[in-house]
Participant: 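Attaching a single structure in structure tokens format; questions to follow.
Predicted model, so just to flag it, every value in this text is computed and none were measured. In what follows, residues are counted from 1 in the order of the sequence shown.
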Amino acid sequence: MSLKINLYRNNNQKSKNYGQVYGRAHNSKPIGIPELAKHMSDHNTPYSKGVIQGILTDMVSCIKELMLLGQPVKISDLCIFKAQVVSTGADTAKDYDLRKNIKAVRLSAHATGEVSRKKLKEDSVLEFTKLAEAIRAGQAELPTGSSDDDGSGDGGSTEPDVRP
């Protein structure tokens, strides 16, 4: 199994890298807890899909609860989950208002152990998507923007590209 890579051209005219070609991981439709539980149960575990699904569902709830109490949760060889806030400044401490100055509370996940950036790069097997191969062979045009659809009909990310 390999991580499929799509190609795209940077069309941000304000970027110093405008016009350059970049690779981006092709991500298909996310799976949910039921699909993850089934996948895990298929790995010769004595636990059923239902038991695993229940544990994962409870885990999600508990991680959220602990994060909102200011307690980071480390899942070894995956990531550390914690809550962070997006805040605006105030002129003085007395002027700082939690409802006005805290704009958002968000999830932060930092890779750790076997999922660190270095380890992921070492462990990955990379392969171009069908579209990227066609682009490299001069049989298709290089797209701009953020589409992860490789033309294979197996879905792709529809999320906007928010990376710089």
Participant: Counting only N and O atoms by type, is there a donor-acceptor contact under 3.5 Å from the side chain of S61 to the main-chain atoms of D58?
Facilitator: no
Participant: With rounding to the nearest 0.5 angstrom, report the CG to NZ distance, D123 to K118.
Facilitator: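 It is 11.5 Å, given to the nearest 0.5 Å.
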Participant: Looking only at atom types and distance, does a side-chain atom of T57 sit under 3.5 Å from a main-chain N or O of Q53, one as donor and one as acceptor?
Facilitator: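 A pair under 3.5 Å: yes.
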Participant: First locate atom NZ of K14, then atom CG of N12, and finally report the distance between them rounded to the nearest 0.5 Å.
Facilitator: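 Nearest 0.5 Å value for the NZ-CG distance: 7.5 Å.
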Participant: Hey, could you give me the CZ/CG distance between R9 and N11, rounded to the nearest 0.5 Å?
Facilitator: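 If I round to the nearest 0.5 Å, the distance is 10.0 Å.
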Participant: For A111 and S116, work out which heavy atoms get closest and say how close.
Facilitator: CB-CA, 4.0 Å
Participant: Return the set of residues passing ring pair (Phe, Tyr, Trp, His ring centres under 6.0 Å) with Y22 (not counting sequence neighbours), or none when no residue passes.
Facilitator: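 By the ring pair (Phe, Tyr, Trp, His ring centres under 6.0 Å) rule, Y22 matches Y8.
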Participant: Taking the side chain as everything from C-beta on, heavy atoms only, tell me whether I75 gets closer than 4.5 Å to M59.
Facilitator: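 Yes. Closest side-chain heavy atoms under 4.5 Å.
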Participant: Quick check: do L7 and P143 have side-chain heavy atoms less than 4.5 Å from each other?
Facilitator: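 No, side chains not in contact.
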Participant: Below 4.5 Å, heavy atoms only, C-beta onward: do V73 and I80 meet side chain to side chain?
Facilitator: no
Participant: With rounding to the nearest 0.5 Å, note down the distance linking CG in L98 to OG in S87.
Facilitator: 9.0 Å
Participant: So do L3 and I5 actually touch side chain to side chain, heavy atoms under 4.5 Å?
Facilitator: yes
Participant: Identify, with sequence neighbours excluded, every residue that meets side chain to side chain donor-acceptor pair (under 3.5 Å) alongside S2.
Facilitator: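 Side chain to side chain donor-acceptor pair (under 3.5 Å) list for S2, sorted by chain: E127.
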Participant: Rounded to the nearest 0.5 Å, what separation is found between the CG atom of N6 and the CG atom of L131?
Facilitator: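 That separation rounds to 6.0 Å.
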Participant: Give a yes or no on whether the backbone of K100 and the side-chain of K103 come within a donor-acceptor separation of less than 3.5 Å.
Facilitator: yes
Participant: With sequence neighbours left out, what residues match D95 under side chain to side chain donor-acceptor pair (under 3.5 Å)?
Facilitator: T92
Participant: Is it the case that the side chain of N17 and the backbone of Q20 share a donor-acceptor pair, with hydrogens and angles ignored and the cut-off at 3.5 Å?
Facilitator: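 Answer holds: no.
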Participant: I'd like a table of donor-acceptor pairs (distance under 3.5 Å, sequence neighbours excluded) in which one partner is a side-chain atom from residues 30-44, with atom names and distances.
Facilitator:
{"from": "E35", "atom 1": "OE1", "to": "G32", "atom 2": "N", "distance (Å)": "2.7"}
{"from": "K38", "atom 1": "NZ", "to": "D42", "atom 2": "OD1", "distance (Å)": "3.4"}
{"from": "K38", "atom 1": "NZ", "to": "D42", "atom 2": "OD2", "distance (Å)": "3.0"}
{"from": "H39", "atom 1": "NE2", "to": "H43", "atom 2": "NE2", "distance (Å)": "3.0"}
{"from": "S41", "atom 1": "OG", "to": "A37", "atom 2": "O", "distance (Å)": "3.4"}
{"from": "S41", "atom 1": "OG", "to": "K38", "atom 2": "O", "distance (Å)": "2.9"}

Participant: Can you tell me how far apart CE (M67) and CZ (R106) are? Round to the nearest 0.5 Å.
Facilitator: 12.5 Å
Participant: Could you note down all residue pairs passing side-chain hydrogen bond (donor to acceptor under 3.5 Å, both in side chains) where residues 68-86 supplies at least one of them, sequence neighbours left out?
Facilitator: none
Participant: State yes or no: do L107 and L66 share one hydrophobic cluster built from I, L, V, M, F, W and Y residues joined by side-chain heavy-atom distances below 4.5 Å, directly or via other members?
Facilitator: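 Per the 4.5 Å side-chain linkage, L107 and L66 are co-clustered.
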Participant: With sequence neighbours left out, which residue pairs that include part of residues 93-137 fulfil the ring-ring contact (aromatic ring centres under 6.0 Å, His included) condition?
Facilitator: none
Participant: Between N101 and T88, is any side-chain donor less than 3.5 angstrom from a side-chain acceptor?
Facilitator: yes
Participant: Would you indicate whether the side-chain heavy atoms of L120 and V115 approach each other to under 4.5 Å?
Facilitator: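 Yes. Closest side-chain heavy atoms under 4.5 Å.
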